[in-house]
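Computed from a predicted model, the values in this text were never measured in an experiment. Counting starts at 1 for both ligands and their atoms, following the listed order. We count residues from 1, following the sequence as given.
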Amino acid sequence: MPEHVPIVPWRLVNTLPADDCAGTTMPLCFPWLHRLGRVSKPVPSKLGDDECETVQVDQAKRDATTIRYRHAADLANKVAREFELSDDDVRRITRGFVEQMNEGLHHHGKAIEQLPSFITHLPDGNERGTYLAVDMGGTNIRVCAVTFHGHGAYSMDQAKAAIPPTLMTTKNHRELFDWMASIVRAFVEKNHTNWKSASLDLGFTFSHAVEQKSINSGTLIRWSKGFDVDGVVGQDVCALLQQAFDALDLPIRVTALTNDTVGTLLAQAYTAPSRRRTVLGAVFGTGTNGAYIEKVSRITKGQVSNPDPEATMIINTEWGNFDQGLDFLSLTKYDRAIDTASVNPGFEMFEKQISGMYLGELLRLALLSLFQSQGPNDFNSIPVPKSSSLYVPWSLDTSLLSHLEGDNSPKLTASAARVRDWLGVAKIECKIVAAIKTIARAIVRRSARLSAVALGAVLIQTGCLEHEGSREAGVCIGVDGSLIELYPGFVADIRCALRCIEQVGAAGEARVDICIAKDGSGVGAALAALIASKALKR
Ligand code: ADP
Ligand code: MG
């Protein structure tokens, strides 16, 4: 066994399982190696960026051991390879995804839950009226008042507030719902002078797995995206919000419960040109999920029925939990570390490889392993202070990955400053930033290719590319979420992976429009309130 160098003090926090980055050892720049007589060849004063220097080490008359200096680019490429997903992987995982979508339609409690939304048709763009919406995301709450003018046009007022992290895991669920009601009250007071005289209908976007009983009631199955509030699982979340409104004496009626993906699908359908058929609403933000139009005849698990063989219903897939049994996904050691540290170990394994909440942390863990690796290399020779954010879980926001990807300056100066500040070091070399960018890109590329798996599986399940009357007619996927909106090239990576799925191919991919449904979840929740209010009046 090669001998280990004493661990420098800044490495003592947050260790990952040992890997083959660790092991061979000895920073060449440490002069004490000479004094110990361990290095049999003079150490060069400076190693060129591209060369890998090899020296022979005499370990106290034992076998000679080869020590290799590892450059940042080599190390980064090695880590990046761990995140690779081949075209065959994409095809294989897509087959598994379609399988699990159908299992969810046939049985309760499957990995992909396939939850009926009780919304049976999409808007056609001619709807009118003003409706409120509350969208409780994984990071923010948005309150909107949307006025639909018909012809796919709408106008809206909206306000946004960050959800206080303490409320995401509070022991008293009333604190969370009362806080939401107070945000809504502040909003209507500001934007609707006559709010006290007219009752307002509201759509509630609640983006965690909910078993819906009707369009305006649903019990929480489990929290996701880092939420873990006591006393809500098994309860009707619409009723909880209504109670909070009633407690404040607000004349607001919660008429619809949706989730952000159903909302995105509705919003996209309202604004899309009529010759484009909207088939899917998908979210890539804090979490990931999708909602699509399914035939009621295929939902055989007994919640809904309709004698009309052509009847449809929007299904909220809850695809973040795809492959709970890990039959299709492979995990890196960073994925395992994230899962172990999460509030829901063993669940949402697909989401944990895709969504904004996790990608920054994946990068942090990958970097941590390099900074803590043993053996002479470009990373562990940087003096990172103990107080560095490198050692603080969840300290690296996914937006940094976007900044790295969007920085095309020759010396990466813009992103270098951010990386330097995050690491807490005085300066950082371009080659280190470039190496970090390589790893970041690999993490996001895997995320985008897995996103394509979900999109491709829905295209296959709905048969929408097979049955269009005209070859030219397109299908529309509405998407929402900061990751897909803001990460440069995320959609291009999705498209590239879609082309390699046999049933989609280049021709099918060209017919798919991936449209950002701006304000999708808010507008969609207001549309759900409109659809529900109409149904109540009937
Ligand atoms: P929500 O999920 O609450 O609806 P968003 O759609 O804004 O909110 O998604 C928030 C997630 O997106 C966070 O995990 C955040 O890290 C990530 N994010 C924010 N900005 C960016 C960006 N520029 N690029 C990539 N991801 C981002
Ligand atoms: Mg959102």
Side-chain angles (χ1 to χ4, degrees), residues 133-144 158-165 167-168 176 180 183 203-209 223-227 258-268 281-291 316 318 320 338 342-343 348 351-364 389 392-407 414-415 418 422 437 440-441 443-448 451 478-494 516-526 528:
V134 168
D135 169 17
M136 186 185 136
T139 309
N140 299 304
I141 178 177
R142 293 182 191 84
V143 188
C144 329
Q158 64 172 322
K160 180 169 147 178
I163 303 172
L167 293 187
M168 295 179 182
L176 175 65
M180 286 201 285
I183 297 281
F204 180 22
T205 302
F206 183 81
S207 305
H208 303 269
W223 287 108
S224 56
K225 295 176 263 192
F227 276 68
T258 65
N259 85 353
D260 50 1
T261 58
V262 175
T264 300
L265 175 59
L266 294 174
Q268 183 58 41
V283 168
F284 302 95
T286 312
T288 180
N289 189 14
N316 162 26
E318 289 299 333
I338 283 208
S342 70
V343 295
E348 312 282 340
E351 174 166 281
K352 285 170 184 166
Q353 298 198 353
I354 291 182
S355 73
M357 175 164 176
Y358 303 101
L359 301 187
E361 178 67 358
L362 279 172
L363 178 59
R364 186 192 74 87
S389 299
V392 180
W394 309 102
S395 63
L396 201 163
D397 194 90
T398 302
S399 55
L400 181 67
L401 284 70
S402 282
H403 287 296
L404 282 163
E405 186 59 25
D407 184 356
S415 44
R418 283 174 185 266
W422 175 76
K437 182 171 174 172
R441 178 178 279 167
I443 290 170
V444 182
R445 196 173 134 82
R446 184 184 70 166
S447 152
S451 304
V479 294
D480 190 14
S482 292
L483 176 63
I484 195 162
E485 245 181 271
L486 301 175
Y487 186 89
F490 196 82
V491 172
D493 278 345
I494 288 182
I516 304 284
K518 200 84 191 106
D519 313 311
S521 44
V523 173

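Of the polar atoms of Gly138, at least one N or O is found under 3.5 Å from an N or O of ligand 1, judged by distance alone. Residue Tyr487 has no nitrogen or oxygen atom sitting less than 3.5 Å from a nitrogen or oxygen atom of ligand 1, judged on distance alone. On a distance-only criterion, Gly285 and ligand 1 share no N/O pair closer than 3.5 Å. Considering both main-chain and side-chain atoms, Leu486 never comes within under 3.5 Å of ligand 1 through any nitrogen or oxygen pair.
Residue-ligand proximity, Thr139 to ligand 1, at heavy-atom distances under 4.0 Å covers atoms 3 (O), 10 (C). Within ligand 1, the atoms closer than 4.0 Å to a non-hydrogen atom of Asn140 are 3 (O), numbered from 1 in the order shown. Short contacts between ligand 1 and Met357, defined as distances under 4.0 Å to a heavy atom of the residue, involve ligand atoms 14 (O). Residue-ligand proximity, Gly481 to ligand 1, at heavy-atom distances under 4.0 Å covers atoms 6 (O). Residue Thr286 has at least one heavy-atom neighbour below 4.0 Å for each of these atoms of ligand 1: 1 (P), 2 (O), 3 (O), 8 (O), 9 (O), 10 (C), 11 (C), 14 (O).
Nearest heavy atom pair, residue Arg364 against residue Ser389, reads CD-O, 4.0 Å.
Proximity of Leu359 to Ser447: side-chain heavy atoms (C-beta onward) are separated by under 4.5 Å at one or more points. Taking the side chain as every heavy atom from C-beta outward, Glu405 and Phe490 never approach each other to under 4.5 Å. Leu362 has its side chain within reach of Arg446: a pair of non-hydrogen atoms, C-beta onward, lies under 4.5 Å apart. Counting only heavy atoms from C-beta outward, the side chains of Arg418 and Asp407 never approach each other to under 4.5 Å. Side-chain contact between Val479 and Thr264: absent, with no pair of heavy atoms (C-beta onward) separated by less than 4.5 Å. You'll find the side chain of Glu351 stays beyond 4.5 Å of the side chain of Met357, heavy atoms only.
Regarding atom 19 (C) of ligand 1, its nearest protein heavy-atom neighbour is Ser482 CB, 3.7 Å. Here the protein heavy atom with the shortest distance to atom 4 (O) of ligand 1 is Arg142 NH1, 3.7 Å. With hydrogens left out, the protein atom closest to atom 14 (O) of ligand 1 is Gly356 C, 3.1 Å, a heavy atom. Among all non-hydrogen protein atoms, the one lying nearest atom 16 (O) of ligand 1 is Asp397 OD2, 3.1 Å. Protein heavy atom at the shortest distance from atom 20 (N) of ligand 1 is Ser399 CB, 3.7 Å.
With hydrogens and angles ignored, the 3.5 Å screen pairs a side-chain donor or acceptor of Asn259 with a backbone N or O of Val262.
The one candidate from Asp480, Asn289, Ile354 that meets the side-chain contact (heavy atoms from CB on, under 4.5 Å) condition with Phe284 is Ile354.
For Thr398, heavy-atom contacts with ligand 1 shorter than 4.0 Å involve the backbone as well as the side chain. Of all the heavy atoms of Glu361, none lies under 4.0 Å from any atom of ligand 1, so neither backbone nor side chain is involved. The proximity of Ser402 to ligand 1, defined as any non-hydrogen pair under 4.0 Å, is limited to the side chain.
A donor-acceptor contact closer than 3.5 angstrom is absent between the side chains of Asp260 and Ser521.
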Run the side chain to side chain donor-acceptor pair (under 3.5 Å) test on Lys437 and Ser415 for me, step by step, so that the C-alpha distance in whole Å, both residues' side-chain angles and the decisive distance to 0.1 Å come before the verdict. CA-CA 9 Å; Lys437 182 171 174 172; Ser415 44; over 6 Å; no
